[in-house]
Amino acid sequence: MDWDDIRIFLELARTEKLSEAAKRLRINASTVSRRLHRLETQLEVQLFERSPEGHLLTSQGQLLLATARQMEQQALTASEILQGLGEERIGSVRIGSTEGFGSFFITPKLSGFCRQNPRLVVELLPMPRFVKLTRHEADMAVTIERPRHTSLVVTKLCDYRLKLYATDAYLKEAPQVNQIEDLNQHRLIGYIDDLMFTDQLNYMDRLLPDAQPAFRSTSVISQFSMAKAGLGVAILPCFMAKEAPELKPVLEEQLTLTRSFWLAAQPERKRLARVEAVWLELRRLVEEQEALLMGEEHSDITQ
């Protein structure tokens, strides 16, 4: 097999469209099609199902994909090490993160590290879904479930707490809240049930199965903004709610949820000095900011 053919196969597997793969590879679509046909002829298998919607991997294509990704990762890592980049804090490190943690914790807290490492570029992907490390969407990922892929290096990053929050203005005009059941009389803010990417976010249905939220969103930042605007009551991470003084805990003694963040990376990427440096910095930051993450008090440490 020609490595260039494998590169074309990988790009088409990611984009599922000849035109998009060709654009990213900077070659024309007919070349992509011709090289793919050559690879299938050499292997004597069909790697893609062709349709007007695009190219979807067959079962044989899925088998090749796993090996091709390893080949690509090893080639990239070997190239960087040979060029000396693997031993220095030079280049880019892409972090895939849950949306709230990426935007409200990593972004402000990592500023000092970025200033101290001017030749290192941090790229943050705060996304309301899991980042796919095996597809090289990022160098490392922060998740709220322990990744199950056995090829990854995984460590528990930290615990964090969530509480019910609402504004004083909302609470003054709404019915009194003395127990969890009273929330059935309130405007609630939560996730869209059938679009949650993990069961770890299914807070509201477990607490109040009969409740009807007034606002739903796949974005925790949208939920935070709506609670801050005074629409109703939301379950939010404490480190986010601390950014809005108008948000006050509701039933704090009765309801506090604890969840965990996990940190994962491909072994080949973690061996690179710049990736390892960001990995260690994230671990240092969560240890330093434990009080903030657990909703106890603001940390006095500034970056």
Side-chain angles (χ1 to χ4, degrees), residues 97-111 126-128 142 144 158-193 195-196 198-261 285-286 288-303:
S97 173
T98 56
E99 188 186 30
F101 190 68
S103 298
F104 281 76
F105 186 87
I106 293 178
T107 297
K109 298 292 183 289
L110 208 58
S111 60
M127 303 173 71
V142 178
I144 55 175
C158 63
D159 289 328
Y160 69 103
R161 285 192 179 132
L162 306 98
K163 299 177 183 179
L164 286 164
Y165 289 96
T167 62
D168 276 335
Y170 169 80
L171 292 172
K172 286 177 181 177
E173 68 178 24
Q176 193 169 2
V177 184
N178 297 312
Q179 56 188 358
I180 292 176
E181 289 73 18
D182 292 338
L183 292 170
N184 284 314
Q185 308 302 316
H186 284 254
R187 296 196 296 268
L188 303 179
I189 298 165
Y191 284 94
I192 301 173
D193 295 343
L195 293 180
M196 282 186 285
T198 171
D199 192 53
Q200 293 290 316
L201 300 176
N202 193 15
Y203 321 122
M204 202 68 76
D205 281 354
R206 291 174 180 170
L207 293 171
L208 299 164
D210 299 324
Q212 295 296 321
F215 178 79
R216 298 178 187 264
S217 175
T218 57
S219 166
V220 69
I221 293 179
S222 294
Q223 295 174 41
F224 166 79
S225 297
M226 192 59 84
K228 185 179 174 183
L231 176 69
V233 183
I235 297 177
L236 298 170
C238 297
F239 64 82
M240 288 183 66
K242 291 285 187 181
E243 298 299 317
E246 60 267 44
L247 288 175
K248 306 299 180 184
V250 178
L251 298 178
E252 189 171 15
E253 299 301 319
Q254 298 182 41
L255 178 63
T256 298
L257 303 175
T258 301
R259 294 290 187 268
S260 301
F261 285 125
L285 284 173
V286 296
E288 179 181 270
Q289 302 288 336
E290 181 181 6
L292 176 63
L293 290 164
M294 298 304 287
E296 295 169 359
E297 58 184 15
H298 281 293
S299 172
D300 294 330
I301 301 175
T302 57
Q303 298 301 308

**Message:** If we ignore hydrogens and angles and just use 3.5 Å, is the side chain of Y170 paired with the main-chain N or O of R187 as donor and acceptor?
**Reply:** yes

Okay, side chain of H186, backbone of P175: is any donor-acceptor separation there less than 3.5 Å? yes

Exercise for review: Applying side chain to side chain contact (heavy atoms under 4.5 Å, CB included), run through T98 and V220 and close with a yes or a no.
Suggested key: CA-CA 9 Å; T98 56; V220 69; over 6 Å; no

The salt bridge (Lys or Arg N to Asp or Glu O under 4.0 Å) partners of E246 (sequence neighbours excluded) come to none

Enter the distance from [X]:[atom1] to [Y]:[atom2] here, rounded to the nearest 0.5 Å.
X	Y	atom1	atom2	result
L257	C238	CG	SG	9.5 Å
M240	F224	CE	CZ	5.5 Å
Q223	L188	CD	CG	11.0 Å
L247	L164	CG	CG	11.5 Å
R216	I189	CZ	CD1	12.0 Å

Applying side chain to side chain contact (heavy atoms under 4.5 Å, CB included) to Q179 and not counting sequence neighbours gives E181, D182, Q254

Provide the closest heavy-atom pair for [X] versus [Y] in the form atom of the first, atom of the second, distance.
X	Y	value
E252	T256	O-OG1, 3.4 Å
R259	L162	CG-CD1, 3.7 Å
Y165	P249	CD2-N, 3.7 Å
V233	A166	CG2-CB, 4.0 Å
A227	T167	O-CG2, 3.3 Å
I144	F261	CG2-CE2, 3.4 Å

Review point. Do Y160 and L292 pass the side chain to side chain contact (heavy atoms under 4.5 Å, CB included) test, and can you show the C-alpha distance, the side-chain angles, and the key distance before you say yes or no?
Key: CA-CA 9 Å; Y160 69 103; L292 176 63; over 6 Å; no

| Electrostatic pair E296-R161, nearest N-O below 4.0 angstrom | yes

Side chain to side chain contact (heavy atoms under 4.5 Å, CB included) with V250: of I235, V177, I180, only one passes, and it is V177

Residues 100-108, side-chain donor-acceptor partners within the protein, below 3.5 Å, at least two apart:
{"unit_1": "S103", "atom_1": "OG", "unit_2": "E99", "atom_2": "O", "d": "3.2"}
{"unit_1": "T107", "atom_1": "OG1", "unit_2": "G102", "atom_2": "O", "d": "2.8"}

